[in-house]
Protein chains: 2
Amino acid sequence: MAKDRKIDVVILGLLFHEDLTGYDIKKRLDGAIGFFWKGSFGNIYPALASMEKEGLVTRKDSKAGGREKIFYHITKQGTKALQAWLQEEQFSNELRYETLLKLHFGGAVDRSVTIRNIEIFEEDVKRNLAVLNMYKENLEKVLDEADHIHYYLTVLFGIETYEAYLRWCKKAMKIMKEN
Amino acid sequence: MAKDRKIDVVILGLLFHEDLTGYDIKKRLDGAIGFFWKGSFGNIYPALASMEKEGLVTRKDSKAGGREKIFYHITKQGTKALQAWLQEEQFSNELRYETLLKLHFGGAVDRSVTIRNIEIFEEDVKRNLAVLNMYKENLEKVLDEADHIHYYLTVLFGIETYEAYLRWCKKAMKIMKEN
DNA sequence: ATCAGCATGTAAGGCGTTACATGATTCA
DNA sequence: TGAATCATGTAACGCCTTACATGCTGAT
């Protein structure tokens with residue numbers, strides 16, 4: 001498994017739950033997972049190819065319905081690699097928020113620009129929060145199914161975080177308008 | 001200014017406040033700014049060189065004390081570029097948390113592994129929160145100085161966020177132990 | 001005298017984004 | 001019939017991390 005290519009474990013994690021095509025994987029990454037990990041076709045397909053060579057996944061070609069589809073299945077070796085990574089006690093959590101950069105350097109422009117930047121951020125957070133709450137409600141109906149309790153935890157994380165962002169927006173706006 | 005190289009505006013933002021060497025810039029990025037933007041020497045020095053070519057910054061060599069030092073100074077053109085970026089109404093805020101990935105895919109291992117991963121995250125958050133609170137206290141002494149109110153906003157953001165993380169840790173731990 | 005920190009850079013290699021290329025299927 | 005979505009990939013290019021290379025300064 002490539003040392004710095006974390007998409008590998010994302011794919012293994014998804015395949016542990018069910019067999020998927022590269023296209024399916026992309027859809028998952030555009031959904032709830034997208035809040036904390038992104039992926040692109042140019043990322044996913046090469047990773048699948050190299051992981052197949054390494055024996056972490058196997059491909060199951062299917063022409064059901066005439067359309068070409070390649071389902072990938074996790075191997076025992078792939079499962080071991082996934083579990084080994086899950087048990088590693090180091091992790092890299094990275095945040096790169098251009099919004100905070102703009103706030104931090106807001107002294108170079110009029111106060112109104114910073115206020116506008118906070119507003120834009122706030123709108124964005126509200127949109128995302130609505131989506132996350134939808135995921136939450138849907139998950140609560142199926143919490144007993146395997147793995148769903150884990151998905152639920154990450155959705156709760158997103159909600160807790162975004163609610164904190166909204167509180168901060170209010171405070172920041174107040175400070176910008178008062179001082 | 002390179003389209004996708006955001007370190008440029010970070011450097012311009014720092015230089016707007018005061019002249020700095022590449023080494024100084026790295027130190028800033030290892031401080032409070034590091035919570036939302038990272039940088040490395042291999043990143044900073046080439047950016048400074050190319051920005052000098054573009055006329056966004058000028059270099060002021062100094063051999064005061066015998067040690068070679070290159071202070072960079074923002075030009076009018078650099079200031080305009082910084083202000084233009086601050087006023088752009090789009091922004092990319094990216095979060096890549098391996099911790100959440102491990103939580104999400106925790107179904108592949110024993111419950112105890114996920115509990116341990118939450119604990120590790122919690123310890124990390126507490127450490128960072130202590131640092132942020134220190135920054136906050138220091139900033140509160142100098143809030144009247146130019147730009148400091150903006151730095152203060154980003155520190156408040158960090159604190160609000162990390163406190164939310166801690167609340168989530170408690171909830172997540174409870175869910176993992178009860179269900 | 002030695003070691004940590006100051007200070008400036010270069011080089012290799014990997015990773016990821018974006019755009020491109022192609023074609024099938026489904027639904028209105 | 002046309003548009004959106006399904007589906008798989010490749011190629012170029014840029015960016016960043018990591019490691020390397022070098023040497024000075026100040027404190028113990």
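Here is the naming used below: chain letters follow the sequence lines, and residue numbers restart at 1 for every chain. Quick caveat, the model's predicted, so the values are computed rather than measured.
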Got a salt bridge between A:Glu163 and B:Arg167, using NZ or NE/NH1/NH2 to carboxylate O under 4.0 Å?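 No salt bridge links A:Glu163 with B:Arg167.
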Side-chain ion pair, B:Arg96 and A:Glu94, N-O less than 4.0 Å: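 Looking at B:Arg96 and A:Glu94, the cut-off is not met.
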For B:Pro46 and B:Asp24, take the nucleotide of DNA chain C holding the closest heavy atom to each; which residue's nucleotide lies nearer the 5' end?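 Result: B:Asp24.
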[X] side chain: which of [options] is closest?
{"X": "A:Asn43", "options": "C:dG16, C:dT8, D:dT8", "value": "C:dG16"}
{"X": "B:Tyr23", "options": "C:dC6, C:dG9, D:dT8", "value": "C:dC6"}
{"X": "B:Arg59", "options": "C:dA7, D:dA7, C:dG9", "value": "C:dG9"}
{"X": "A:Ser40", "options": "C:dT18, D:dT17, D:dT8", "value": "C:dT18"}
{"X": "B:Tyr45", "options": "C:dG9, D:dC16, D:dT17", "value": "C:dG9"}

What's the [atom1]-[atom2] distance between [X] and [N], to the nearest Å?
{"X": "B:Lys69", "N": "C:dC6", "atom1": "NZ", "atom2": "C1'", "result": "8 Å"}
{"X": "A:Lys38", "N": "C:dG16", "atom1": "NZ", "atom2": "P", "result": "14 Å"}
{"X": "A:Lys26", "N": "D:dA7", "atom1": "NZ", "atom2": "C1'", "result": "13 Å"}
{"X": "A:Lys27", "N": "D:dT5", "atom1": "NZ", "atom2": "P", "result": "12 Å"}
{"X": "A:Leu48", "N": "D:dA7", "atom1": "CG", "atom2": "C1'", "result": "13 Å"}
{"X": "A:Phe41", "N": "D:dT5", "atom1": "CZ", "atom2": "P", "result": "13 Å"}
{"X": "B:Ile25", "N": "D:dC16", "atom1": "CD1", "atom2": "C1'", "result": "17 Å"}
{"X": "A:Trp37", "N": "C:dG16", "atom1": "CH2", "atom2": "C1'", "result": "12 Å"}

On DNA chain D, does the nearest nucleotide to B:Asp4 precede the nearest nucleotide to A:Lys3 from the 5' side, or the other way round? Give the residue.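 With B:Asp4 and A:Lys3 compared, the 5'-side residue is B:Asp4.
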Both conditions, 6.0 Å and 45 degrees, for the charged tip of A:Lys26 above the ring of A:Phe41: are they met here?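 The answer is yes; both the distance and angle limits are met.
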How long is the straight-line distance from CZ of A:Phe157 back to CG of B:Leu95, given to the nearest 0.5 Å?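 Answer for the CG-CZ pair, B:Leu95 versus A:Phe157, is 6.5 Å.
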Indicate yes or no for a side-chain donor-acceptor contact from B:Gln87 to the backbone of B:Gln83 under 3.5 Å, with no hydrogens or angles considered.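 Yes: the side chain of B:Gln87 pairs with the backbone of B:Gln83.
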Could you tell me whether a side-chain N or O of B:Asn93 sits under 3.5 Å from a main-chain N or O of A:Thr99, the two making a donor and an acceptor?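 Flag set: sc B:Asn93 to bb A:Thr99 pair under 3.5 Å.
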Give a yes/no on whether any side-chain N or O of B:Thr21 is located under 4.0 angstrom from OP1 or OP2 of C:dT8.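 Checking B:Thr21 against C:dT8: at least one side-chain N or O falls below 4.0 Å of OP1 or OP2.
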Taking atom NZ of B:Lys171 as the centre, report whether more than 12 heavy atoms of other residues, nucleotides or ligands fall under 6.0 Å from it.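 Atom NZ in B:Lys171 is not crowded, with 12 or fewer foreign heavy atoms closer than 6.0 Å.
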State yes or no: do A:Ile120 and A:Val131 share one hydrophobic cluster built from I, L, V, M, F, W and Y residues joined by side-chain heavy-atom distances below 4.5 Å, directly or via other members?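 No, A:Ile120 does not connect to A:Val131 through the hydrophobic network.
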Inter-end axis angle, the helix from C:dA1-D:dT28 to C:dA28-D:dT1, with every axis fitted to five base pairs (rounded, 10 degrees):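 Nearest ten degrees gives 30° for this helix.
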At under 4.0 Å between heavy atoms, what does A:Ala2 touch on the DNA or RNA strands: base, sugar-phosphate, or nothing?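 It contacts sugar-phosphate atoms only.
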Under 4.0 angstrom, heavy atoms only, what part of the nucleic acid is A:Gly22 near: base, sugar-phosphate, or nothing?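 Sugar-phosphate contact only - A:Gly22 comes under 4.0 Å of backbone atoms but never of a base.
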